[in-house]
S.K.: 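Dropping a structure here in structure tokens format, bear with me for questions.
All of these numbers come straight from a predicted model, not from anything done at the bench.
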Amino acid sequence: MSRRFDGKVAWVSGASSGIGRGAAERLAAEGAKVVLLGRDKERLAEAAAAAGNGAVTAAFDVASQPEVDANVPGLLEEHGAPDVVVHAAGITVVGALDALTPEEWHRQMDVNLTSIYLLNRLTWPAMTARGGAIVTLASTASFAGFPQDAAYVASKGAVLAMTKAMALDGAPHGIRVNAVCPGFILTPNLQGYFDAQDDPDAAAAGAAAAAPIGRMGSPADVAAAIAYLASDDASFVTGTSVLVDGGLLAKVPTA
């Protein structure tokens, strides 16, 4: 495997499982020293051990302003400005819009969207002196709606729009900002969505069959796209999104 991130520091939120963990492992394998962020200290430690290459952890809630403000300055002092930031923290709150409590709505937005703002307001100033790359986690749900998933769809549409605005602000400073848009990726988060359906097995089978490629994706599939966008191979790529969906959105549904 290439070593595109030798000598670089990468921060990954939501790194204890799923796509975040996959991204941390891929970036470390390509030479980055990875700082894994998440709430679960034990799972973060397991993920850091799997990533290797001197990966370190910081256990706090990236959706909480007090916790972000209490932890990020010390991480910047200890590890320096990140060269790469991957915003992979995310949850799915299942339900039609009228069925959601205010607490469910706000938690969905806090984790998927506001966490990016909270981390960025502290890491961005540190990155402007030398540039860097930021990758956000949008979704196929940034482009198309899913039933019983209103808050998640809203959050991911906002992530994609915000990514474009961040890219414009970052360009004068050499900061590139792009999004990956996964389709059905088999992660604990997606499994939770399946489990909330009337027939979880049928929901999983439908997801596997939905993409023309004929399977669900893996965190490693998405991590490869993240690594590309974060690397110098994508030095002229900013303000855009990469679908990692097995062709899902390219397909016109047929009976």
Side-chain angles (χ1 to χ4, degrees), residues 1-63 67-68 71-72 74-76 78-80 82-92 111-112 115-116 119 123 132-139 178-195 204 208 215-231 233-234 242 244 246:
M1 185 173 288
S2 61
R3 303 279 295 186
R4 292 180 290 186
F5 302 101
D6 274 340
K8 294 188 176 182
V9 175
W11 291 26
V12 181
S13 72
S16 62
S17 67
I19 291 172
R21 177 168 174 167
E25 291 180 1
R26 178 62 184 254
L27 294 171
E30 291 203 40
K33 178 180 179 181
V34 182
V35 180
L36 290 83
L37 311 179
R39 291 178 297 166
D40 191 316
K41 186 175 182 179
E42 291 185 2
R43 289 200 300 165
L44 276 180
E46 293 172 359
N53 200 44
V56 298
T57 66
F60 63 94
D61 185 356
V62 295
E67 293 193 36
V68 170
N71 285 276
V72 170
L75 292 172
L76 289 171
E78 182 177 359
H79 304 291
D83 301 285
V84 174
V85 179
V86 179
H87 294 280
I91 60 172
T92 300
V111 176
N112 289 12
S115 67
I116 300 174
L119 285 174
T123 57
I134 296 171
V135 183
T136 64
L137 261 291
S139 172
N178 293 288
V180 290
C181 299
F184 291 114
I185 309 298
L186 191 53
T187 64
N189 191 38
L190 182 61
Q191 186 61 53
Y193 173 78
F194 293 151
D195 291 343
R215 65 172 176 87
M216 283 187 276
S218 70
D221 292 322
V222 185
I226 291 171
Y228 162 70
L229 291 172
S231 76
D233 289 338
V242 174
V244 187

S.K.: Give me the atom names and distance for the closest heavy-atom approach of Ala28 to Ala51.
M.R.: CB-O, 3.5 Å
S.K.: Kindly determine whether Val86 and Arg26 satisfy side chain to side chain contact (heavy atoms under 4.5 Å, CB included), including the steps that lead there.
M.R.: CA-CA 12 Å; Val86 179; Arg26 178 62 184 254; over 6 Å; no
S.K.: Backbone N or O of Phe60 within a donor-acceptor pair of the Glu67 side chain at under 3.5 Å?
M.R.: no
S.K.: Supply the atom-to-atom distance Leu37 CG to Thr57 OG1, rounded to the nearest 0.5 angstrom.
M.R.: 9.0 Å
S.K.: Of all residues at least two apart in sequence or in a different chain, which pass the side chain to side chain donor-acceptor pair (under 3.5 Å) check with Ser16?
M.R.: none
S.K.: In the structure I gave you, are the side-chain heavy atoms of Pro219 and Ile185 within less than 4.5 Å of one another anywhere?
M.R.: yes
S.K.: Between Val84, Leu36, Leu75, Asp83, which is the residue that forms a side-chain contact (heavy atoms from CB on, under 4.5 Å) with Trp11?
M.R.: Leu75
S.K.: Looking only at non-hydrogen atoms, find the nearest pair between Ala230 and Phe5 and report the distance.
M.R.: O-CE2, 3.5 Å
S.K.: Please check if the side chain of Asn53 supplies one atom and the backbone of Val34 the other of a donor-acceptor pair under 3.5 Å.
M.R.: no
S.K.: Indicate the atoms forming the closest heavy-atom contact of Ala133 with Leu229, along with that distance.
M.R.: CB-O, 4.2 Å
S.K.: Where is the tightest heavy-atom contact between Asp61 and Val68, given as atom of each residue plus distance?
M.R.: O-CG2, 3.8 Å
S.K.: OG1/Thr92 to CD/Gln191 distance, rounded to the nearest 0.5 angstrom?
M.R.: 12.0 Å
S.K.: Sequence neighbours left out, what passes salt bridge (charged side-chain N to carboxylate O under 4.0 Å, His left out) with Arg4? Give chain and number order.
M.R.: Glu30, Asp233
S.K.: Check side chain to side chain donor-acceptor pair (under 3.5 Å) between Asn71 and all other residues, then give those that pass, not counting sequence neighbours.
M.R.: none
S.K.: How long is the span from the CZ atom in Phe194 to the CG atom in Leu186, to the nearest 0.5 Å?
M.R.: 7.0 Å
S.K.: Could you tell me if the side chain of Leu137 sits less than 4.5 Å from the side chain of Ile226, heavy atoms only?
M.R.: yes
S.K.: Over all heavy atoms of both residues, which pair between Pro182 and Ala138 is shortest? Give the atoms and the distance, please.
M.R.: CD-O, 3.3 Å
S.K.: Would you say Ser13's side chain and Ala88's backbone share a donor-acceptor pair under 3.5 angstrom?
M.R.: yes
S.K.: His87 versus Ser115: any side-chain heavy-atom pair under 4.5 Å?
M.R.: no
S.K.: Which heavy atom of Ala225 sits nearest a heavy atom of Val244, and at what distance?
M.R.: CB-CG2, 3.7 Å
S.K.: State the CZ-CD distance between Arg21 and Glu46, to the nearest 0.5 angstrom.
M.R.: 6.5 Å
S.K.: Measuring only between side-chain heavy atoms, which start at C-beta, is Arg39 closer than 4.5 Å to Val111?
M.R.: no
